[in-house]
K.L.:
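Pasting a structure below so you can have a look.
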Amino acid sequence: MIRTVESASHVSAPVLAAYRYCETVTGQQARNFAYGIRLLPTPKRRAMSALYAFSRRVDDIGDGDLADDVKVARLKETRALLARIREGRVEEDDTDPVAVALTHAAEAFPIPLGGLDELIDGVEMDTRGETYETWDDLKVYCRCVAGAIGRLSLGVFGTEPGAGGAERAAEYADTLGLALQLTNILRDVREDAQGGRTYLPADDLAKFGCSAGFERPTPPEGSDFAGLVHYEVRRARALFAEGYQLLPMLDRRSGACVAAMAGIYRRLLDRIARDPEAVLRGRVSLPGHEKAYVAVRGLSGLDTRQVTRHGAGRSVGRRV
C-alpha cells in the first residue's frame, strides 16, 4: 500500500513519476483546468492532476469511437480499478501511473472517491444516448459529470477552520460544477449534435422553436435561437453566483484556483451571450492572455473579497 506523505520532498520516486505523468496529461489536454491548478501548492496541484487524469480517462471512453458495448465494458473495468484505488490495493510499482498517483492523493487528502463512480454513471448515460426533458432531468446528469468533480476537488482544497457556512461548501462546489457544465453544453451544442447527442432540455428547445436540432451552422428555421441561448445563460449565471459563495471558505491559493477556473468559464459564457450563433459556427474559446488575466485576478483575491462584501456574489457573477 502507498503510504500517505504530506511533504512533497518525501514523495517516493515511483509516485513522483506517476504524478508527473498526470501533470503532463493535464497540461496537454485541460488548458482551462491547468490555468487554475497551477496556482495551488505542489501537493494539492499533484492531487488535482491525478483527479483530472482519471476523469479524463473516463471521458475519453465515453467520447471515443468504440462500439457502445465496448464502452460499457471499459467503464466497468475502470470502475473496478477505482475500487482497487479506494481500497488501497495499488502498489507504487503498478504499471498504471494514474492509479498510482490517485491512490497516493486519496491517502493524502480526504477525497470522496465515490464522486468518480458518479462520473462513470454520467458517462454511462451518454453511452445509452439519454436525452433530458427538463432542467431537473439534466441536473442529474450534470451533477454526475461535473458537480461530482467539484465535490472531489473540495476534498483536496479543504475549507478554512472556522469558515462561516462551511457546512454548505460541498453544495456550492457542486453548484459551480453545474455552472461549468451548462457553459460547456452551450459551447459544444453543434459539436454534440453532430455526434448524435442533445443535452439541452427538450422543453426548453420546444419553447424556443429549436427542437429540430443544431447540425447546421445556422439556427433552425423559424426558431428563436438567441432567446434559447440567453435563457440558458441566465440559468448558468445564477448557478455561478450561488457557487461563488464557496470562495471565502477556502484558503487563498485554493480560492485562487477555483476563481481562475470558474472565471475562465464565466468569461466564455459572456462571449456566448454576446454572439449566440457563434456556437453554431465553431468552437468559442478565450485567448491565452485573457485566461492569464483571470488567473492573476483569482490570485489577487478580488473575487473572494467581492463575495465576502456582497454575500450572494452577484457582483462577481456580473464582472468575472
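Heavy atoms only: backbone and side chains are in, while hydrogens, waters and symmetry mates are out. Just so we're clear, the structure is a prediction, and the values are computed from it rather than from any experiment.
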K.L.:
So, Tyr265 versus Asp270: side-chain donor-acceptor pair below 3.5 Å or not?
P.N.:
no
K.L.:
Using only atom types and a distance under 3.5 Å, with no angle test, would you say the side chain of Lys71 pairs donor to acceptor with the backbone of Thr127?
P.N.:
no
K.L.:
Using a 6.0 Å cut-off, check whether atom CZ of Arg151 has over 12 heavy atoms from anything other than its own residue.
P.N.:
yes
K.L.:
Start with the C-alpha gap between Val258 and Tyr244, add the side-chain angles, then the distance that decides, and say whether side chain to side chain contact (heavy atoms under 4.5 Å, CB included) holds.
P.N.:
CA-CA 9 Å; Val258 173; Tyr244 263 98; over 6 Å; no
K.L.:
So does Pro219 get a backbone contact from the side chain of Ser223, meaning a donor-acceptor N/O pair under 3.5 Å?
P.N.:
no
K.L.:
Pair Phe225, Val279 - check side chain to side chain contact (heavy atoms under 4.5 Å, CB included), show working.
P.N.:
CA-CA 11 Å; Phe225 179 72; Val279 299; 3.7 Å; yes
K.L.:
Do the side chains of Leu280 and Tyr199 join up, straight or via other hydrophobic residues, at under 4.5 Å, putting them in one cluster?
P.N.:
yes
K.L.:
Under the salt bridge (Lys or Arg N to Asp or Glu O under 4.0 Å) test against Arg197, which residue among Asp188, Asp192, Asp63 passes?
P.N.:
Asp63
K.L.:
Could you check Cys144 against Leu119 for side chain to side chain contact (heavy atoms under 4.5 Å, CB included), going step by step and ending with a plain yes or no?
P.N.:
CA-CA 5 Å; Cys144 285; Leu119 174 62; over 6 Å; no
K.L.:
Return the set of residues passing ring-ring contact (aromatic ring centres under 6.0 Å, His included) with Tyr231 (not counting sequence neighbours), or none when no residue passes.
P.N.:
Phe208
K.L.:
For the residue pair Met249 and Gly164, what are the closest heavy atoms and their distance?
P.N.:
CE-O, 3.6 Å
K.L.:
Do the side chain of Arg74 and the main chain of Ile61 share a donor and acceptor less than 3.5 angstrom apart?
P.N.:
no
K.L.:
So, the side chain of Ser254 versus the backbone of Leu250: is there a donor-acceptor pair under 3.5 Å, distance only?
P.N.:
no
K.L.:
If you look at every heavy atom in Leu113 and Leu82, which pair is closest and at what distance?
P.N.:
O-CD2, 3.9 Å
K.L.:
Which heavy-atom pair separates Leu269 from Ala236 by the least distance, and what is that distance?
P.N.:
CD2-CB, 3.7 Å
K.L.:
Between the side chains of Arg86 and Asp117, is the shortest nitrogen-to-carboxylate-oxygen separation below 4.0 Å, so that they form an ion pair?
P.N.:
yes
K.L.:
Show your reasoning for whether side chain to side chain contact (heavy atoms under 4.5 Å, CB included) applies to Gln29 and Tyr52.
P.N.:
CA-CA 10 Å; Gln29 301 186 35; Tyr52 175 81; 3.7 Å; yes
K.L.:
Are more than 12 heavy atoms, taken from residues, nucleotides or ligands other than Arg84, located less than 6.0 Å from that residue's CZ atom?
P.N.:
yes
K.L.:
Which atoms form the tightest heavy-atom contact between Glu242 and Arg168, and what is the distance?
P.N.:
OE2-NH2, 4.3 Å
K.L.:
Tell me whether the count of non-hydrogen atoms from other residues, nucleotides or ligands lying under 6.0 Å of NZ in Lys207 goes above 12.
P.N.:
yes
K.L.:
May I ask you to decide if Tyr19's main-chain N or O and Arg46's side chain share a donor-acceptor pair within less than 3.5 Å?
P.N.:
no
K.L.:
With a 3.5 Å distance limit and no angle check, can you tell me whether Lys291 reaches the backbone of Ile264 through a side-chain donor-acceptor pair?
P.N.:
no
K.L.:
Assess whether a salt bridge exists between Asp60 and Arg57, defined as any Lys/Arg side-chain N lying under 4.0 Å from an Asp/Glu carboxylate O.
P.N.:
no
K.L.:
Side-chain contact, heavy-atom cut-off 4.5 Å: Arg266 with Met261?
P.N.:
no
K.L.:
For the side-chain contact (heavy atoms from CB on, under 4.5 Å) test, which of Leu138, Asp203, Val140 pairs with Tyr132?
P.N.:
Leu138
K.L.:
Taking all non-hydrogen atoms of both residues into account, name the closest pair between Pro112 and Leu152 and its distance.
P.N.:
O-CD2, 3.0 Å
K.L.:
Answer yes or no: is there a side-chain heavy-atom contact under 4.5 Å between Glu215 and Arg190?
P.N.:
no
K.L.:
Minimum heavy-atom separation for Ala260 and Val294, please, with both atom names.
P.N.:
O-CG1, 3.5 Å
K.L.:
Do Glu232 and Ile185 make a side-chain contact, defined as non-hydrogen atoms from C-beta onward lying under 4.5 Å apart?
P.N.:
no
K.L.:
Does Leu81 reach the side chain of Val98, with side-chain heavy atoms less than 4.5 Å apart?
P.N.:
no
